[in-house]
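Step one of this worksheet: look at the structure below.
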Amino acid sequence: MTSTLLIVQIVLAIAITIAVLLQKSSSIGLGAYSGSNESVFGAKGPTGFLAKLTFALAFAFIVNTLVIGYMYTSENSASVADTIVPENNAAVPAIPATEKTTPAAPAAPSVN
């Protein structure tokens, strides 16, 4: 399932890139190659359609990213540190338990 979502993620990224590049910018960009498509998209031209398409693709991209993140988190609940085995295959020794003694306070000087 995650491999399918990753393929969808790549397709969405390419589609967003194309939709953004087709939009009209101050330097025209790749929108100049769209020809006279004003009659197909309405009186305002492709600007409104491409803006709505870009928003829809971006929303789908974000939702897909969240779903992929949730699926990876739920599948991989173990840590990498759980699989580490020491070289000599021995358990790490614990610190021996010793009684903690506090040092006695020094005796007060005697006045003669």
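Residue numbers run from 1 in the order of the sequence given. Values below: all heavy atoms of this structure, side chains included; hydrogens, waters and symmetry mates excluded.
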With clusters defined by side-chain heavy atoms of hydrophobic residues (ILVMFWY) lying less than 4.5 Å apart, directly or transitively, does Val8 cluster with Phe61?
yes

To the closest 0.5 Å, what do you measure between CG (Leu66) and OH (Tyr70)?
12.5 Å

Is there a path from Ile7 to Met1 through hydrophobic residues (I, L, V, M, F, W, Y) whose side chains come within less than 4.5 Å of each other?
no

Given the rule that I, L, V, M, F, W and Y join up when any side-chain heavy atoms are under 4.5 Å apart, are Leu53 and Leu22 in one cluster?
yes

Between Ile14 and the options Val11, Leu12, Ile18, Thr17, the side chain to side chain contact (heavy atoms under 4.5 Å, CB included) test singles out Ile18

Output for pair (Phe59 CZ, Asn64 CG), nearest 0.5 Å, gives 11.5 Å

Cluster overlap Ile16 with Ile62, hydrophobic side-chain contacts below 4.5 Å
no

Which pair of heavy atoms, one from Gln23 and one from Leu50, lies closest together, and at what distance?
NE2-O, 3.3 Å

For the residue pair Leu57 and Ala19, what are the closest heavy atoms and their distance?
CD1-CB, 4.2 Å

OG1 of Thr73 to CE of Met71: how many Å apart, nearest 0.5 Å?
11.0 Å

